[in-house]
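Here the structure is laid out as C-alpha cells; the discussion comes afterwards.
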Amino acid sequence: MSGKNAYDILQERGFIEQITDEEPIKDLLGNKSITCYIGFDPTASSLHIGSLVPIMSLVHMQRCGHQPLALVGGGTALIGDPSGKTEMRRILTREEIDINAEAIKNQLSRYLNFGEGKAILLNNADWLANLNYIEFLRDIGRCFSVNRMLAAESYRMRMEKGLSFIEFNYMLLQSYDFYYLSKNYNCVLEMGGNDQWGNIVAGIDLTRRLEEKKVYGMTFPLLATSQGHKMGKTEKGTVWLDADLTTPYEYFQYWINTEDADVKRFLALFTLLPMEEINETARLLDAELNMAKAVLAFEATKITHGQEAAVSAWAAAVSNFGLKPVSPSLFPSSVIPRTVAAVDMSAIPTVEKIREEFVSGFPAFELFHAVDLCATRSEARRLIQQGGAYVNDRQVKTFDENIGSGDIIDNEIHLRKGKKQHILIKVSQ
RNA sequence: GGAGGGGUUCCCGAGUGGUCAAAGGGAGCAGACUGUAAAUCUGCCGGCGAAGCCUACGGAGGUUCAAGUCCUCCCCCCUCCA
C-alpha cells in the first residue's frame with residue numbers, strides 16, 4: 001500500500017463533496033480498517049453510469065484495505081426515495097425488486113472482491129421487510145422530529161408538489177439501515193450521492209441515540225457534465241453497466257465523447273490511473289485531448305467490461321474513426337494498446353442475417369429499422385433523407401434504395417447512422 | 001368532508017369548437033463547421049411503403065357536420081378551509 005490513505009485518494013480524485021466530521025474521518029480512514037457502506041437502489045435490472053462514482057469509491061476503499069459493504073435496497077425500494085426527485089415514482093412490485101436486486105448483486109461483484117471478508121453484500125429487505133409497524137414507531141419513530149425532517153432539503157423540495165406518507169418514511173428506513181449495519185457489522189461510515197446527505201445525517205443521529213455510538217457520513221458530488229447534462233441517465237439513452245443493455249463498444253463511445261472540460265475530472269473518478277499521470281492532461285492541447293479521451297474510454301470500459309472487451313472496443317474505434325494511438329509517454333500506467341494492431345471490428349454491435357434474405361433485398365429504410373439503428377421506419381426514412389445513412393460507407397441516397405446481395409462484402413454489411421453509430425450485419429448461409 | 005385549481009405529444013409548457021399531429025423551450029437525431037469535444041448555424045423530431053390513412057390531449061360516455069377545446073359521470077394531483 002502506498003503512503004496515501006483512502007481519505008487522501010478520495011479527496012484528490014474529487015470524490016468528496018461533504019463529510020460530517022473531517023478530522024475523525026481522516027483518522028479513521030488513515031489509521032484503521034473500517035467498514036463503510038453505500039446503498040444501491042434496485043429500481044432497474046442494471047445499474048447505470050450514475051452509480052459509478054459510488055462504486056468507484058468502494059473500489060478505492062477496498063484497495064486501501066477497508067471493507068466495503070454494498071447494500072442493495074430491496075426493502076427501501078418498496079418505499080421509494082423521494083430525494084432528488086420532483087415526483088413520486090412508480091412503485092415496483094416485490095417480484096420486480098427481487099429480480100433487480102439479484103442482478104445488481106452480480107453486477108457489483110465485477111468491481112469488488114466479495115471473497116473472504118473483503119467486502120460484504122447485503123439486501124435490506126432481509127431486515128426491513130419483517131419490521132413490526134408498532135414496534136418500529138415506538139423504537140425508531142420516536143427518535144425523529146417531524147419538524148426537523150420537514151426542514152431537510154429532500155423533503156422541502158417536495159412540499160410544493162406533494163409528498164406522500166410512504167415516501168416520508170424513507171428517511172427512517174434508511175436511517176434504520178445505518179443503525180442496523182453499525183450494530184451488526186460494525187459499519188462506521190455511510191457514503192452516497194449528495195442528495196443522500198439528509199438521510200445519512202439522520203442515520204448518524206439515530207445510531208447515536210440508540211447505540212450511543214459515533215458514526216460518520218460522506219457524500220459524493222452529483223455528477224453532471226460541464227454542459228449540465230445528467231450523466232448517463234437520459235430518458236431514452238441510459239448508459240447501463242450491463243453489457244446486454246449497453247454494449248461495451250457503445251460504452252466506450254460514450255466515454256470517448258466526453259466533453260473537453262470533463263476529461264480530467266472523469267479520469268480521476270472513473271479510472272484507477274495515478275493522479276500524477278492524470279494531471280498531465282492539463283498540458284494537452286486541442287485535438288491532443290482526444291488521446292486522453294481514448295485512455296478514459298479504454299480504462300473505464302476495462303473496469304466495467306474487462307480488458308478484452310476494452311481492447312476490441314478501442315480497435316473498432318480506431319478502424320471507424322481513425323482514432324490515433326496514444327503516445328507511450330502519456331498515461332504510462334494504462335494498458336491501452338499503443339500501436340494500431342490488426343483492424344478489428346468485432347466490438348461493433350452485430351446482427352445475424354441469412355443470405356437468402358438478401359436475394360430480393362431490403363429497402364434501405366427497412367433494413368436500418370430492422371437492425372435497430374432506427375426505432376421506427378419513419379425515423380429511418382428521415383435519417384436517409386437527411387443524408388445520415390451509410391451502407392459500407394456509401395451514402396444512401398433514397399429511402400427505398402434496395403440493399404441486396406450485391407452489398408455483401410466478405411459476408412458482412414456495414415451500416416452506419418451518422419458518424420458514430422455502427423452496425424455490422426453478419427450474413428450466414 | 002367543503003371550496004377552488006389542475007391532468008396536453010420524452011420533459012417543461014401554450015392552446016377554450018374547425019385553419020391542431022397540436023405554439024414555444026428543453027432533451028434527442030441528422031447535416032455544415034471541427035478534434036468522434038464544445039459553441040454556432042440548418043433540418044428533423046407520433047405511426048404507417050407518397051397522396052392519404054391511423055393513433056394521440058387522465059378514463060368512460062354524450063352533444064355537434066366537426067371536440068384537446070362544450071356536457072355528464074369517474075379516476076388522479078395540487079391549494080385553501082374543516
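Letters A, B, ... mirror the listed sequences (proteins, then strands); counts begin at 1.
Using modelled atom types and a 3.5 Å distance limit, the side chains of A/Ser378 and A/Thr376 yield no donor-acceptor pair. No side-chain donor-acceptor contact under 3.5 Å links A/Glu17 and A/Thr219.
Here the separation of B/rG43 from B/rG5, taken at their P atoms, is 41 Å to the nearest Å. Here the separation of B/rC45 from B/rC10, taken at their P atoms, is 15 Å to the nearest Å. B/rG1 and B/rA14: their C1' atoms are spaced 35 Å apart (whole Å). Straight-line distance between the C1' atoms of B/rG15 and B/rG24: roughly 11 Å, to the nearest whole Å. Using C1' as the reference atom, B/rC41 and B/rG46 are 27 Å apart when rounded to the nearest Å. Comparing the P positions of B/rA21 and B/rG4 gives a spacing of 34 Å, expressed to the nearest Å.
Within 4.0 Å of A/Lys293, counting heavy atoms only, lies at least one base atom of the nucleic acid. Using a 4.0 Å heavy-atom cutoff across all strands shown, A/Gln253 reaches at least one base atom of the nucleic acid. Counting any heavy atom pair closer than 4.0 Å across all strands shown, A/Gln395 reaches no nucleic acid atom.
With a cut-off of 3.5 Å on both pairing distances, the Watson-Crick or G-U wobble partner of B/rG43 is B/rC29. The nucleotide B/rA3 finds its pairing partner in B/rU79, both defining distances of the Watson-Crick or G-U wobble pair being shorter than 3.5 Å. Taking a pair to require two hydrogen-bonding distances under 3.5 Å in either a Watson-Crick or a G-U wobble arrangement, B/rG18 pairs with B/rC65.
Between A/Gln421 and B/rA30 there is a side-chain polar atom (N or O) within less than 4.0 angstrom of OP1 or OP2.
A/Trp127 and A/Tyr180 have parallel rings, their planes meeting at less than 30° on a 0 to 90° scale where 60° marks the start of perpendicular.
Remark: A/Arg148 engages A/Asp205 in a salt bridge (Lys or Arg N to Asp or Glu O under 4.0 Å) (not counting sequence neighbours).
Ring centroids of A/Phe178 and A/Tyr37 are separated by less than 6.0 Å, placing the two rings close together.
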- Task: Indicate for each nucleotide in nucleotides 44-49 of chain B, in 5' to 3' sequence, whether protein heavy atoms under 4.0 Å reach the base (B), only the sugar-phosphate (S), or nothing (-).
- Result: SS-SBB
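Evaluation of atom-type donor-acceptor distances gives no pair under 3.5 Å for the side chain of A/Lys324 against the base of B/rU36.
A cation-pi contact links A/Arg381 to A/Phe399, judged by a cut-off of 6.0 Å to the six-membered ring centre and 45° from its axis.
Side chain of A/Thr246 to backbone of A/Val239: no donor-acceptor contact under 3.5 angstrom is found.
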